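Structure first, commentary second.
Predicted, not measured: the structure shown is a model, and the values here were computed from it.
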Amino acid sequence: MTTRPEHMRNHWWWRPGWSVGRRFYTWHLVFDGQQDVHRFAEQYRAALAGLGGLDPIPDRWLHLTMQGIGFIDEVEQGDVDAIVTAARDRLASVPAFDVTLSAPVIDPEAVLVPVQPDEPVRAVRDAVRAAIGDVLPEVPERAEGFRPHVSVAYSSGDGPVGALGEALDAADIEPATARIASAELIVLHRDNRMYEWQPYARVALG
């Protein structure tokens, strides 16, 4: 995530299985009421305004992607509820923690903000994956390659990085601190060129 790409590509291509109207069970960390994170995101939205080729993420849809379960037409609701129960047991032993969001980096499809420290985030994901494994015969998605981050904008087209890198280099924005005290199971869609969701369950950390 430290090497800056030369070109951006449209984030909104349809990944396998996805289509308009389809919904997906997934675990995220969300930032409802986290005013410092909202301040940080707003300042970066302002710094990137007018560049074109980006879809800034509104405060309500800021998130840290954690772990999917599956499309709602492919997973039994009883299994989903059992996963929530298992997650409550496992996350009770994971303490709440703080993370810091600082300088964004450019991914070919997004402007990403790595979170530090990342070890507590990984502990939450490991517990969620274990809860899924308590119920389903196979845990979807790879355990490896997880990069805890929060996106502030998605790329909406293909083209050179251009002024985006210059705008980020020029931004002088104070880092934000977020308190992570729960994990959220949500029902996600991407019908409107944005990741939007309905909450399903919130599980408190210990």
Indicate yes or no: at least one non-hydrogen side-chain atom of [X] is less than 4.5 angstrom from one of [Y].
X      : Y      : result
Arg23  : Asp191 : yes
Tyr154 : Leu54  : no
Leu168 : Leu48  : yes
Asp169 : Arg4   : yes
Pro5   : His7   : no

Pairwise distance [atom1]([X]) to [atom2]([Y]) - rounded to 0.5 angstrom:
X      : Y      : atom1 : atom2 : result
Tyr200 : Ile72  : OH    : CD1   : 10.0 Å
Met8   : Asp107 : CE    : CG    : 7.0 Å
Thr65  : Glu141 : OG1   : CD    : 9.0 Å
Glu42  : Gln35  : CD    : CD    : 12.0 Å
Glu76  : Asp73  : CD    : CG    : 11.0 Å
Arg193 : His11  : CZ    : NE2   : 10.0 Å

How far apart are the C-alpha atoms of Ile69 and Leu185, what are their side-chain angles, what is the distance that settles it, and do they pass the side chain to side chain contact (heavy atoms under 4.5 Å, CB included) test? CA-CA 9 Å; Ile69 297 177; Leu185 178 59; 3.7 Å; yes
Please, which pairs that meet ring-ring contact (aromatic ring centres under 6.0 Å, His included) have at least one residue in residues 94-129, sequence neighbours excluded?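 Qualifying pairs: none.
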Listed once per pair and sorted, the ring-ring contact (aromatic ring centres under 6.0 Å, His included) pairs that draw on residues 42-62, sequence neighbours left out: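 Counting only pairs at least two positions apart or across chains, the ring-ring contact (aromatic ring centres under 6.0 Å, His included) contacts touching residues 42-62 are Phe40-Tyr44, Trp61-Trp197.
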Surrounding [atom1] of [X] (heavy atoms of other residues, nucleotides or ligands, distance under 6.0 Å), is the total greater than 12?
X      : atom1 : result
Asp172 : CG    : no
Gln116 : CD    : yes
Gln198 : CD    : no

What heavy-atom pair brings [X] and [Y] nearest, and what distance separates the two atoms?
X      : Y      : value
His189 : Arg22  : CB-O, 3.7 Å
Leu51  : Ala167 : CD1-CB, 3.9 Å
Leu205 : Ser182 : CG-N, 3.7 Å
Pro175 : Asp36  : O-OD2, 4.1 Å
Pro140 : Ile132 : CD-CG2, 4.0 Å
Ala131 : Ala87  : CB-N, 3.5 Å

Check: [Y] main-chain N/O paired with [X] side-chain donor or acceptor under 3.5 Å:
X      : Y      : value
Arg190 : Trp12  : yes
Gln34  : Ala178 : no
His38  : Phe31  : yes
Ser155 : Arg9   : yes
Arg45  : Ile57  : yes
Asn10  : Asp158 : no

Verdict with supporting geometry, Val121 and Phe146, side chain to side chain contact (heavy atoms under 4.5 Å, CB included): CA-CA 10 Å; Val121 181; Phe146 177 59; 4.0 Å; yes
Test: side chain to side chain donor-acceptor pair (under 3.5 Å). Region: residues 123-134. Which pairs qualify, not counting sequence neighbours?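 Counting only pairs at least two positions apart or across chains, the side chain to side chain donor-acceptor pair (under 3.5 Å) contacts touching residues 123-134 are Gln67-Arg125, Gln67-Arg129, Arg90-Asp134.
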Show the numbers, then the answer: is there a side chain to side chain contact (heavy atoms under 4.5 Å, CB included) between Asp79 and Leu136? CA-CA 7 Å; Asp79 288 340; Leu136 300 182; 3.9 Å; yes
From Thr177, Val30, Leu62, Asp32, residue fulfilling side-chain contact (heavy atoms from CB on, under 4.5 Å) relative to Val37: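 For Val37, the side-chain contact (heavy atoms from CB on, under 4.5 Å) test succeeds with only one of Thr177, Val30, Leu62, Asp32, which is Leu62.
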Taking the inter-plane angle between the rings of Trp18 and Phe24 on a 0 to 90° scale, is it parallel (under 30°), tilted (30 to 60°) or perpendicular (over 60°)? tilted
Salt bridge or not between Glu119 and Arg122? Use side-chain N to carboxylate O under 4.0 Å. no
Answer yes when Asp98 and Arg179 have at least one side-chain N-carboxylate O distance shorter than 4.0 Å, and no when they do not. yes
Check for me, please, whether Trp13 and Leu112 land in the same ILVMFWY cluster - side-chain distances under 4.5 Å, paths through other members count. no
Intermediate values then yes/no, side chain to side chain contact (heavy atoms under 4.5 Å, CB included), Leu64 and Trp27: CA-CA 9 Å; Leu64 193 160; Trp27 291 89; over 6 Å; no
